[in-house]
There are 2 protein chains.
Amino acid sequence: MSLPHAILTALLEKPSSGLELTRRFDRSIGYFWSATHQQIYRELGKLEQAGHIRALPAPTPARGQKKEYEVLPAGRAELTEWVARSEDPKPLRSALLLRMRAAAVVGAPGMREELRRHLDLHRRQLEEYRAIEVRDFPPARRESEPDRLRHLVLRGGIDLERFWVEWLTQALGELER
Amino acid sequence: MSLPHAILTALLEKPSSGLELTRRFDRSIGYFWSATHQQIYRELGKLEQAGHIRALPAPTPARGQKKEYEVLPAGRAELTEWVARSEDPKPLRSALLLRMRAAAVVGAPGMREELRRHLDLHRRQLEEYRAIEVRDFPPARRESEPDRLRHLVLRGGIDLERFWVEWLTQALGELER
DNA sequence: CCCGCTTGTGCAACTAGTTGCAGAACACTC
DNA sequence: GAGTGTTCTGCAACTAGTTGCACAAGCGGG
């Protein structure tokens, strides 16, 4: 039940159309809660139905016409309530770790290349996050609570990527023995 | 498409019945690929259908009767092929990071307690992993390739939990300002 | 001997997420 | 002004995972 709240958050930060949201998910929110445009359109429909958001009046409402949404007070209330809600972390699901475990049973040839590829991807992601940190969170921008929290989330992303880079490096070393 | 391969791996390590598999998923494989017993039974059916595993002949086959499965050569071949297959890491999905981002927008009261709870859960998990490491991977058991790979997977789990413990500690510090 | 508890298997219905495709509006250009 | 590409919205069908429940077999106690 996180997608609607991801959308509410994004819309509070800035009212947007479905496609704009999709793009913002690809860059920002999607770093820790990704979604395809179809998920987003469907969810926008449900949120509107539920009275949590509304479409800004468009000059000529029609199919294929851009529709901007904004959050209604009920939506903000729902989000506020959700933020304080308690929810267990769900168990990790990593196909790569699983693969490694399988490799321990049937042998690992062919995994090296895959590990290198992942290492490269995670290095790139790490660089991207670091660039965002430099751009969006210079020391001056770390004062207000909202900025500090957003920065905290980004630090989480950075440290996670760092974890993967380290683990993959270690794994490659192990396989090269 | 990882669940069938998780099951094949588990069955190669030791032929088991559905319920046994479920328990082993709760302890071991499930640490990085969890599954409920229904998922497992359904998948066992499909794997048997596909000729990847077979049920060991039981004295009196009947409903509610324990059924042991073992992997057939075709299943092992499928798993071997899968290990070398290339697959992009899927983007992270963390409700907690999302919540933090939402908190930056609507305010964070009530998050402290939730963070403390998660911190506690991750600390416990970390301790559990460390206990497993001490028990199953003493230095002597780090020689054979299979053991080294299994150990590597466990190290991954440990470092991930360590990441969460660190991030949550940092986050709590930030909120306490 | 039958009652309740545990073990073990499984169906059905649901929720969340993915993939493939299509159609309307607009802009551009030849 | 017909043809082509882009932007934007959306339906339909599918896959994976979750939840709730049912039912059979075996075991132990009153």
Side-chain angles (χ1 to χ4, degrees), chain A residues 1-8 10-11 15-26 29-30 32-50 53-56 58-69 82 87-95 98, chain B residues 1-8 10-11 15-26 29-30 32-50 53-56 58-69 82 87-95 98:
Chain A
M1 287 296 304
S2 294
L3 180 59
H5 303 101
I7 293 180
L8 286 173
L11 285 182
S16 310
S17 67
L19 196 64
E20 275 177 87
L21 273 179
T22 305
R23 290 207 232 280
R24 291 174 56 203
F25 266 70
D26 285 345
I29 296 254
F32 41 91
W33 203 274
S34 62
T36 61
H37 77 276
Q38 287 84 350
Q39 274 180 282
I40 289 170
Y41 282 118
R42 213 187 315 166
E43 205 60 48
L44 282 171
K46 285 191 205 164
L47 284 167
E48 188 173 25
Q49 202 77 32
I53 62 175
R54 64 162 192 155
L56 293 177
T60 46
R63 198 195 153 106
Q65 201 73 343
K66 194 162 124 176
K67 231 197 295 185
E68 287 240 309
Y69 290 94
W82 178 76
E87 189 182 351
D88 283 343
K90 23 181 189 171
L92 169 64
R93 280 234 168 100
S94 164
L98 183 58
Chain B
M1 285 297 302
S2 294
L3 180 57
H5 303 101
I7 292 180
L8 287 173
L11 285 182
S16 310
S17 69
L19 196 64
E20 276 178 86
L21 274 180
T22 305
R23 291 208 231 280
R24 291 172 58 201
F25 266 71
D26 284 345
I29 297 256
F32 43 89
W33 203 276
S34 61
T36 61
H37 78 276
Q38 286 85 348
Q39 274 182 282
I40 289 171
Y41 282 119
R42 213 188 314 167
E43 205 60 49
L44 282 172
K46 285 191 206 162
L47 284 167
E48 188 174 24
Q49 202 77 32
I53 61 174
R54 64 160 190 156
L56 294 176
T60 47
R63 197 195 153 107
Q65 203 72 345
K66 195 162 124 176
K67 231 196 300 186
E68 287 240 308
Y69 289 94
W82 178 77
E87 189 183 349
D88 282 342
K90 24 180 186 167
L92 169 66
R93 281 236 165 101
S94 164
L98 183 59

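In terms of heavy atoms, A:Phe25 sits closest to A:Ala6 at CZ-CB, 3.8 Å. Nearest approach of B:Tyr41 to B:Leu19, heavy atoms of both residues: OH-N, 3.4 Å. Minimum interatomic distance between A:Leu21 and A:Ser16 (heavy atoms only, all atoms of both residues): CG-CB, 4.1 Å. Summarising the geometry of A:Leu11 relative to A:Tyr69, their closest heavy-atom pair is CD2-O, 3.8 Å, with the distance given to 0.1 Å.
Nucleic acid contact for A:Thr22: none, since no nucleic acid atom lies under 4.0 Å from a heavy atom of the residue.
On a pure distance criterion of 3.5 Å, a polar donor-acceptor pair joins the side chain of B:His37 and the base of C:dG10. Remark: the A:Gln39 side chain and the C:dG17 base include no donor-acceptor N/O pair separated by less than 3.5 Å. You'll find a donor-acceptor pair under 3.5 Å spanning the side chain of A:Gln38 and the base of C:dG20, going by distance alone.
Atom CD of A:Glu43 is separated from atom P of D:dC11 by 14 Å (rounded to the nearest Å). Here D:dA22 presents its C1' atom at 14 Å from OH of B:Tyr41, a figure rounded to the nearest Å. The separation between A:Leu21 atom CG and D:dT7 atom C1' is 15 Å, rounded to whole Å. As rounded to whole Å, 12 Å separates atom P of D:dT18 from atom CG of B:Asp26. Between the CG atom of B:Leu47 and the C1' atom of C:dT9 there is a distance of 16 Å, given to the nearest Å. Atom CD1 of A:Ile7 is separated from atom P of D:dT9 by 12 Å (rounded to the nearest Å). A:Lys46 places its NZ atom 18 Å from the P atom of D:dT9, with the value rounded to the nearest Å. Atoms NZ (B:Lys67) and P (D:dA24) sit 16 Å apart, rounded to a whole Å.
Side-chain N or O atoms of B:Thr22 include one that pairs as donor or acceptor with a backbone N or O of B:Gly18 at under 3.5 Å.
Side-chain nitrogen and oxygen atoms of A:Arg42 include none within less than 4.0 Å of the OP1 or OP2 phosphate oxygen of C:dA16. Look at A:Arg93 and you won't find any side-chain N or O under 4.0 angstrom from OP1 or OP2 of D:dA16.
Judged by closest nucleotide on DNA chain D, A:Arg23 is the one of A:Arg23 and A:Lys90 placed further toward the 5' end.
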